[in-house]
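To keep things clear, I will list the structure first and then write my remarks on it.
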2 protein chains.
Amino acid sequence: MEKLENYYNQIKNSPVFFGMNDEELKGLLECFNARVRRYEKDEMIIRQGDLISNIYLILKGEVNIEKDSYWGRRIIIARLGKNDNLALSFVGSKNVESNIDAVTVSDTLVLVLGYEKCTSMCQNACTRHKILINNLFQILSKENIELIQKIENVSQKTIRDKLLTYLSNEAQKKHSNSFEIQFNRQDLADYLNVDRSAMSFELSKLQKEGLIEYNKNKFELKS
Amino acid sequence: MEKLENYYNQIKNSPVFFGMNDEELKGLLECFNARVRRYEKDEMIIRQGDLISNIYLILKGEVNIEKDSYWGRRIIIARLGKNDNLALSFVGSKNVESNIDAVTVSDTLVLVLGYEKCTSMCQNACTRHKILINNLFQILSKENIELIQKIENVSQKTIRDKLLTYLSNEAQKKHSNSFEIQFNRQDLADYLNVDRSAMSFELSKLQKEGLIEYNKNKFELKS
DNA sequence: ACATTTCTGTTGTTTATACAACAAAAAATA
DNA sequence: TATTTTTTGTTGTATAAACAACAGAAATGT
């Protein structure tokens, strides 16, 4: 069993609790009945159809937001990591079932917060709750922008354009033409919605043409 | 010049101001320096690169959320209408430039609210602001879920699957197998990221096979 | 160090889509 | 009503991607 205390500092500095003092944070964690849960690789934290009433904060590890298409093809919507939240939007939209799976990519620790119970108790009256909802609003905003960017990535017509758009966006995020990506080839293909082998082929073509250089997960944009 | 008063009831019942009494709403509208703005068909309300500090509420008309791809292809991310908000996520993420265009599809009236100014004034202290931020959180949640659904639609492999996924999702939204869609053929193609003529062809094939029936914008799912 | 599994790149073939060009229908305008 | 413009459907062709099958490299486990 993992102890919450071990992660206290990390929690305190996470976007969810940003701007709170120790007193507010401790009160909130208690009110939320906060607990740490451990998942192994390839476990499902959330399934399509689940009704979500908890806020999940990733303390350690990586999680895929996925969807299985009608005939079993996997769609990766996003890859989340440390300090990211899971399925916040389903907490905000009450009584809406999850339309995604959250699947661990590696061993993962998650902070689980009983959002529903807490909000009904304190009626949004306390200061800490006011800070919290402000933070949640900002977090969702960011998620929204990320989703739009993902739509841009997958909406390109050719594999080449998808790759170039994705890589440019990553470079911009990392503020450098040289960066590591979070996906392996198969996952990147599922994220961009293309065939892995065709994508591999296109990657090496881009390298031969001198547009990019890469080695494993390390990429560099030339030009 | 359009008068705000003419739309007062609609504004009062919009999701942004849901749950407020008249006093709170009036105070907020004043604090926001609320004003109605008119746009003609094909005008741009928001451009890529804009810094957004206003909340936009559509009172009348329709608006496309679009993105122009590198080589001039148009991507329609969403079609918004009455009581929808524009670019809320850019208000939530401060100092982030818009990565989308908002373009009117028809003559449109928009309520513009100076969010920045208001929040700095009342420091989130007043009740009405608390209700507001709660509402905004919920609205963003819904937007988020819609974006995920859009990703599902465009992530299908074939035109046929994109169409079937899109139409099923619409049927579910409208709670009926018979429904109207908001797009004309070209716009639907830009939304699903496919060639219009190929899509038209696939539509008639689906009709011949008896899977769907349609006439102009009216569709029916058979099975 | 070896065996096994996972990951990545390469190639040929089949299939689906984009693209272009056009015709018919519908809508808008004079 | 006639004319013009916009929208939609149809077809053939060129192109790009999916798929399958495989080989080598890298990572993992024993």
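A, B, ... follow the sequence lines: proteins, then strands. Residue 1 opens every chain.
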Measure from [atom1] on [X] to [atom2] on [N] and round the result to the nearest Å.
{"X": "B:Met199", "N": "D:dT8", "atom1": "CE", "atom2": "P", "result": "8 Å"}
{"X": "A:Asp161", "N": "C:dA18", "atom1": "CG", "atom2": "C1'", "result": "13 Å"}
{"X": "A:Lys218", "N": "C:dT8", "atom1": "NZ", "atom2": "P", "result": "16 Å"}
{"X": "B:Asp195", "N": "D:dT15", "atom1": "CG", "atom2": "P", "result": "16 Å"}
{"X": "B:Lys208", "N": "D:dT11", "atom1": "NZ", "atom2": "C1'", "result": "11 Å"}
{"X": "A:Arg160", "N": "D:dT15", "atom1": "CZ", "atom2": "P", "result": "15 Å"}
{"X": "A:Arg196", "N": "D:dA21", "atom1": "CZ", "atom2": "C1'", "result": "11 Å"}
{"X": "A:Asn215", "N": "D:dA27", "atom1": "CG", "atom2": "C1'", "result": "14 Å"}

Under 4.0 angstrom, heavy atoms only, what part of the nucleic acid is B:Ser200 near: base, sugar-phosphate, or nothing? base

So what does B:Ile159 hit on the nucleic acid, given a heavy-atom distance under 4.0 Å: a base, only sugar-phosphate, or nothing?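 Sugar-phosphate, backbone atoms only, no base.
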
Minimum heavy-atom distance A:Arg73-B:Ser155, with the two atoms named: NH2-O, 2.5 Å

Note: B:Glu143 and B:Asn85 closest approach over all heavy atoms is OE2-O, 4.0 Å

Is there a residue in residues 177-191 of chain A whose heavy atoms reach under 4.0 Å of DNA chain C, and which residues are they? A:Asn184, A:Arg185, A:Gln186

Is the charged tip of B:Lys26 near the ring of B:Tyr8: under 6.0 Å from the six-membered ring centre and within 45° of its axis? yes

Closest-nucleotide ordering on DNA chain D, the 5'-leading residue of A:Lys216 and A:Lys162: A:Lys162

DNA chain D: 5'-proximal contact among A:Asn193 and B:Phe201 (nearest heavy atom): B:Phe201

Which residue, A:Asn193, A:Asp68, A:Asp101, A:Asp190, forms the side-chain hydrogen bond (donor to acceptor under 3.5 Å, both in side chains) with A:Arg74? A:Asp190

Give me the one residue out of A:Asp161, A:Thr165, A:Asn169 that meets side-chain hydrogen bond (donor to acceptor under 3.5 Å, both in side chains) with A:Asn153. A:Asn169

Measure from the ring center of A:Phe219 to the ring center of A:Tyr214 and say whether it is less than 6.0 Å.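 Under 6.0 Å, so yes.
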
Using modelled atom types only, decide if a donor and an acceptor are shared between the side chain of [X] and the backbone of [Y] within a distance under 3.5 Å.
{"X": "B:Gln10", "Y": "B:Leu59", "answer": "yes"}
{"X": "A:Asn184", "Y": "A:Gln186", "answer": "yes"}
{"X": "A:Lys150", "Y": "A:Tyr191", "answer": "yes"}

With a 4.0 Å limit, can you tell me whether A:Ser197 has a side-chain N or O closer than that to the phosphate oxygens OP1/OP2 of D:dC19? no

Between B:Lys157 and C:dT15, is there a side-chain N or O to OP1/OP2 distance below 4.0 Å?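 Looking at the OP1 and OP2 atoms of C:dT15, neither is under 4.0 Å from any side-chain N or O of B:Lys157.
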
Among the nucleotides C:dA18, D:dT8, D:dA18, whichever has the atom closest to the side chain of B:Asn217 is D:dT8

Just do the side-chain hydrogen bond (donor to acceptor under 3.5 Å, both in side chains) check on A:Asp50 and A:Ser98 with the steps written out, would you? CA-CA 5 Å; A:Asp50 284 357; A:Ser98 169; over 6 Å; no

Rounding to 10 degrees, work out the angle separating the end axes of the helix from C:dA1-D:dT30 to C:dA30-D:dT1 (five pairs an end).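 Angle reported: 60°, given to the nearest ten degrees.
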
